[in-house]
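Comments concern the structure below.
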Amino acid sequence: MAQLEDIGAVVSRRAQDAAQAGSKNPMWDVMSNLWCPLTNPDGYVNVGVAENVLMHDQLLSFINTKLDLPPKYLTYNDGGSGSLRLKRAISHFLNRHLHPVIPLDPSHLIISNGVSSAIEHISSAFADLGEGILLGKPFYGTFIPDMSLRPGTTVVPVNFGNCDPFSIEAVAKYEQALLDFQQTKGRKVKALMLCHPHNPLGRCYPRDVIIKLMHLCQKYKLHLISDEIYALSVWENTVDKHLHPVTFESALSIDLAGIIDSRLVHVLWGMSKDFGANGLRLGVIISQANDDLHQVLKGVSIYSYASGVSDHLTSLLLEDFEFTNQYIRYNRKKLSESHAYAVGYIRRHDIEYAQGCNAAFFLWVNLGKKYRQLYPDESNSEDVDDKLAKESISG
């Protein structure tokens with residue numbers, strides 16, 4: 001803390017603010033001190049990062065067999081927004097899996113070094129300093145710094161109370177949050193961020209709810225940003241079948257005519273989750289009708305330039321339809337099996353969980369109630385919450 005207090009002598013106010021915000025995030029301390037039974041038994045078991053390692057053997061087998069880097073990938077190639085080859089590969093791949101009403105074209109895409117960079121670009125492009133972006137709770141924690149740390153955008157959390165956040169009724173909660181923010185802060189809300197499929201609830205938004213949210217965005221001239229980074233990680237829930245979990249439908253698959261100005265709809269995707277390759281750092285912004293956004297991002301894309309190796313490797317992967325079809329199918333099977341195993345474990349230990357998920361790598365569980373059953377003598381709720389946080393991530 002002393003270092004943070006003294007930092008003003010050597011860096012800007014902007015850098016001080018970033019340092020203060022970053023110091024509150026324990027993720028990097030956890031990741032640099034991971035538990036190992038032999039070499040680091042006092043380290044952390046990290047359950048706070050969404051990584052899928054189930055298919056690493058299959059992916060590495062492909063990479064180590066196919067990767068042969070051409071010389072042009074040691075150059076600037078086609079520029080900061082990604083190679084034409086990569087854009088074609090992503091377009092063809094997502095056309096097959098997301099079923100867009102208007103087929104994707106390379107001109108619709110801007111490549112970045114990960115979806116976090118894509119979110120930061122989008123936030124900066126759509127909202128001025130202090131203006132708002134709506135985000136439903138609970139949410140992926142890193143959305144906050146992605147949208148606000150450098151762009152200076154204000155994330156406006158949407159509380160749902162007892163309302164299902166995936167329901168038609170939830171749309172009114174977004175509108176109320178918008179009106180409250182604009183009335184109390186005197187600043188505009190410029191966009192609505194949707195995580196679809198959802199992190200951390202592991203559910204998909206029904207098509208009619210997405211359309212209703214589009215109507216809301218049209219009413220207030222908001223950009224709808226659909227982060228679909230888990231789009232292909234949707235699987236069969238074999239333990240909560242009676243709840244009939246909603247299947248995934250991309251925002252791109254909705255005909256926007258009569259619903260919303262197509263310039264206001266944007267989709268994000270990347271290699272981190274569906275292909276278990278967080279370290280590859282490859283994301284994409286898809287905007288099919290907003291030429292102004294493309295011009296803006298062309299100018300700043302040099303600051304999120306994906307490496308030539310990532311560009312080439314992603315092209316190789318996505319061009320191989322036979323491999324990707326098998327990969328996606330097997331990945332979904334393993335995710336389904338892992339979910340069933342985890343639910344079986346928490347049921348045996350009488351831990352409450354939110355039923356009906358069928359996407360990504362998440363289970364929403366109530367550890368607090370179980371902790372208090374195990375430690376009934378704990379009386380200070382703050383101490384309990386602090387110990388619970390440590391129990392949930394430590395070895």
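All values below come from the heavy atoms of this structure, side chains included, with hydrogens, waters and symmetry mates left out. Numbering of residues begins at 1 and proceeds along the displayed sequence.
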**Message:** For the residue pair Glu175 / Tyr220, report whether a side-chain donor-acceptor contact shorter than 3.5 Å exists.
**Reply:** yes
**Message:** Let me confirm one number: the CD-CG distance from Gln288 to Leu109, rounded to the nearest 0.5 Å.
**Reply:** 9.0 Å
**Message:** We want to know whether Ser81 and Lys87 form a side-chain donor-acceptor pair, criterion being a heavy-atom distance below 3.5 angstrom.
**Reply:** yes
**Request:** Using atom types as modelled and distance alone, determine if a side-chain donor or acceptor of Ser124 lies under 3.5 Å from a backbone N or O of His121.
**Result:** no
**Asked** Hey, mind stepping through Ser117 and Asn113 against side chain to side chain donor-acceptor pair (under 3.5 Å) and telling me if it holds?
**Response** CA-CA 6 Å; Ser117 295; Asn113 59 352; 2.6 Å; yes
**Prompt:** Should we count CG of Asn64 as having more than 12 external heavy atoms under 6.0 Å?
**Reply:** yes
**Any donor-acceptor N or O pair under 3.5 Å, side chains Tyr353, Asp240** = yes
**Asked** Can you tell if the side chain of Glu352 reaches within under 4.5 Å of the side chain of Lys369, non-hydrogen atoms only?
**Response** yes
**Message:** Once you measure the plane-to-plane angle for Phe275 and Tyr327, does it fall in the parallel (<30°), tilted (30-60°) or perpendicular (>60°) bin?
**Reply:** parallel
**Request:** Output the distance between atom CG (Leu243) and atom CG (Asn237), rounded to the nearest 0.5 Å.
**Result:** 7.5 Å
**Request:** Flag the pair Tyr230 / Asn199 as yes when at least one side-chain heavy-atom distance between them is below 4.5 Å, and no otherwise.
**Result:** yes
**Prompt:** Heavy-atom count around Asp208 CG within 6.0 Å, excluding the residue itself: above 12?
**Reply:** yes
**Asked** Near Leu129 CG, under 6.0 Å, is it more than 12 heavy atoms from other residues, nucleotides or ligands?
**Response** no
**Asked** So, Thr153 versus Ser148: side-chain donor-acceptor pair below 3.5 Å or not?
**Response** no
**Item:** Donor + acceptor pair across side chains of Asp274, Trp269 (<3.5 Å)
**Value:** yes
**Asked** Cut-off 3.5 Å, side chains only: do Asn33 and Asn40 have a donor facing an acceptor?
**Response** yes
**Message:** Hydrogens and angles aside, do Ser307 and Ser310 bring a side-chain donor and acceptor to less than 3.5 Å of each other?
**Reply:** yes
**Exercise: do Arg263 and His223 side chains pair donor with acceptor under 3.5 Å** = no
**Prompt:** Closest heavy-atom contact between Gly130 and Thr154?
**Reply:** O-OG1, 3.1 Å
**Prompt:** Should His97 and Asn325 count as side-chain neighbours, where that means a heavy-atom distance under 4.5 Å?
**Reply:** yes
**Request:** Go through the side-chain N and O atoms of Glu236 and Ser336 and say whether any donor and acceptor fall under 3.5 Å apart.
**Result:** no
**ring pair (Phe, Tyr, Trp, His ring centres under 6.0 Å) partner of Phe248, the single match among His99, His198, His196** = His196
**Item:** Evaluation steps, salt bridge (Lys or Arg N to Asp or Glu O under 4.0 Å), between Glu131 and Arg187
**Value:** CA-CA 6 Å; Glu131 291 184 324; Arg187 299 191 295 269; over 6 Å; no
**Message:** Can you tell me how far apart CG (Leu280) and CG (Leu59) are? Round to the nearest 0.5 Å.
**Reply:** 8.0 Å
